[in-house]
Participant: 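Below is a structure I'd like to ask you about.
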Amino acid sequence: MTTLTRQDLNFGQVVADILCEFLEVAIHLILYVREVYPSGIFQKRKKYNVPVQMSCHPELNQYIQDTLHCVKPLIEKNDAEKVVVVIMDKEHHPVERFVFEMSQPPLLSISSDTLLSHVEQLLRAFILKISVCDAVLNNNPPGCSFSVLVHTRDAATRNMEKVQVIKDFPWIVADEQEAHMQEPRLIPLKTMTSDIVKMQLYVEERAQKT
Amino acid sequence: ASDTSKEQAKYDLSSGSNKKVILLPCRNPPSRERVQLWLEARKQYESLQIGLL
C-alpha cells in the first residue's frame, strides 16, 4: 500500500478531476431521470460499477464538458462551494435544484488504495440515489430546460477567466430569479465524507410546479 | 484604531474581493426541440443505412 503526502500530488487537482468526472455522470443522469431531454438520446453505460444513462447528443455532451471545464479550476482551489443543476420551466423559473455542496477537508496524508476504492464506493452511492430520486419528486411540467450554477467567491472567479476565454464559454453573475426558489421543499439525497472531499447532495423542489 | 480596522474590513467585504457570487454560463444548452429533431434525423439516417445493406 502506497502512502501519498501533499508533496507527492497536487491534491486539489486530484479532487477536481474526480469530482468533475463524477459531476459529468451525475448531470447526464439527472437530465435522464428528470426527463429534460428525450430518453432516445441516452445510452446505458457503466460508471462506478453501476449502470447509468449518458447522452449521445454531441452538442449537449460538449456543453456539459465545457461547463465542467470552467468549473474545474474553482474546485481545484476549493473555491466552489456549491455546484447546482437547475431545472427550469418554460418561463425559466426554477422547478428543481440539485445542489452539490462540497468542500475539501484539511489533509495530511492518505493511502492511494483508500483514495481510489473508498471514494469510488461513496460516489457510486450518490449515483444510485440520483437514479431513484424520481420516486420522491413530483413530475416536472413539459418543456423544461436546465442550467448549471456555481456558488463561489468574487476573488476566485479569476481562476476561471483563462479557461472561459480558451473555451469561448463566458459566465455571468446569476440574478435572483435564476439563483433562488421561494419556500422550496428540501429533499436530502446523500452525504459523503472522505479523506479528500466532503460532499452532500440535496434537491430543492418548488411546491407548485404547474 | 479598532474603528478604523472595522471600517477597513467593511470596505473589503463591500468591495467584492471576498463577496459570494453565483455564476452561470452565458450560453444555453441545446433546447429539447433541437435535440428531438436531431434524434429523428438520426433515426431516419439509421433506417436508411439498414435499407442500403
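Values reported hereafter were calculated over all heavy atoms of this structure, with side chains retained and with hydrogens, waters and symmetry mates removed. Letters A, B, ... mirror the listed sequences (proteins, then strands); counts begin at 1.
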Participant: Working to the nearest 0.5 Å, report the span between CG of B:Leu39 and SG of A:Cys56.
Facilitator: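 B:Leu39 atom CG to A:Cys56 atom SG measures 7.5 Å (nearest 0.5 Å).
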
Participant: Are B:Arg27 and A:Asp66 close enough that some pair of their side-chain heavy atoms sits under 4.5 Å apart?
Facilitator: yes

Participant: Does B:Arg34 CZ have over 12 foreign heavy atoms under 6.0 Å away?
Facilitator: no

Participant: In terms of heavy-atom proximity below 4.5 Å to chain B, should A:Val148 be classed as side chain, backbone, both, or neither?
Facilitator: backbone

Participant: Measuring from B:Lys20:NZ to A:His151:NE2, what's the distance to the nearest 0.5 Å?
Facilitator: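 One finds 9.5 Å between NZ of B:Lys20 and NE2 of A:His151.
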
Participant: Heavy-atom count check: over 12 atoms from other residues, nucleotides or ligands less than 6.0 Å from B:Glu46 CD?
Facilitator: yes

Participant: Is any side-chain heavy atom of A:Thr152 less than 4.5 Å from a side-chain heavy atom of B:Val21?
Facilitator: yes

Participant: Let me know which of A:Thr157, A:Ile172, A:Leu149 forms a side-chain contact (heavy atoms from CB on, under 4.5 Å) with B:Leu23.
Facilitator: A:Thr157

Participant: Which heavy atom of B:Pro25 sits nearest a heavy atom of A:Tyr63, and at what distance?
Facilitator: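 Nearest pair, atom of B:Pro25 first, then A:Tyr63: CG-OH, 3.7 Å.
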
Participant: Between A:His92 and chain B, with a heavy-atom cut-off of 4.5 Å, which part of the residue counts as in contact: side chain, backbone, both or neither?
Facilitator: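 Contact with chain B involves no heavy atom of A:His92 at all.
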
Participant: Which residue out of A:Pro170, A:Gly143, A:Pro58 racks up the most heavy-atom pairs below 4.5 Å with chain B?
Facilitator: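 With the most close heavy-atom pairs to chain B, the winner is A:Pro170.
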
Participant: Around A:Lys77, counting heavy atoms of other residues, nucleotides and ligands shown, do more than 12 lie under 6.0 Å from its NZ?
Facilitator: no

Participant: Checking A:Asn61 against chain B: side chain, backbone, both or neither under 4.5 Å from a heavy atom?
Facilitator: neither

Participant: Got a donor-acceptor contact below 3.5 angstrom from the A:Tyr37 side chain to the B:Gln36 backbone?
Facilitator: no

Participant: Does A:Phe126 have more than 12 heavy atoms from other residues, nucleotides or ligands lying within 6.0 Å of its CZ?
Facilitator: yes

Participant: Tell me whether B:Arg32 contacts the main-chain N or O of A:Val36 through its side chain, where contact means a donor paired with an acceptor under 3.5 Å.
Facilitator: yes

Participant: In this structure, are over 12 heavy atoms from other groups packed under 6.0 Å from A:Lys129 atom NZ?
Facilitator: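 No, because the 6.0 Å sphere around NZ of A:Lys129 holds 12 heavy atoms or fewer from other groups.
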
Participant: Does the side chain of B:Asn28 come within less than 4.5 Å of A:Ser145's, by heavy atoms?
Facilitator: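 A side-chain contact is absent here, since even the closest heavy-atom pair is not under 4.5 Å.
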
Participant: So, do B:Cys26 and A:Trp171 sit near enough that their side-chain heavy atoms are less than 4.5 Å apart?
Facilitator: no

Participant: What residue in A:Ala179, A:Ala174, A:Cys144, A:Ser147 has the most heavy-atom pairs under 4.5 Å with chain B?
Facilitator: A:Ala174

Participant: Near A:Glu24 CD, under 6.0 Å, is it more than 12 heavy atoms from other residues, nucleotides or ligands?
Facilitator: yes

Participant: Counting only heavy atoms from other residues, nucleotides and ligands, does the tally under 6.0 Å from CD of A:Gln182 exceed 12?
Facilitator: no

Participant: Considering only heavy atoms, which portion of A:Gln62 lies under 4.5 Å from any heavy atom of chain B: side chain, backbone, both, or neither?
Facilitator: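 Neither; nothing under 4.5 Å.
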
Participant: Could you pull out the closest heavy-atom pair between B:Arg42 and A:Gly40, with the gap in Å?
Facilitator: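 Looking at all heavy atoms of both residues, the closest pair is NH2-O, 4.2 Å.
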
Participant: Tell me, yes or no, whether the heavy-atom count around A:Asp17 atom CG, taken from other residues, nucleotides or ligands under 6.0 Å, exceeds 12.
Facilitator: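 More than 12 heavy atoms, drawn from other residues, nucleotides or ligands, come within 6.0 Å of this atom.
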
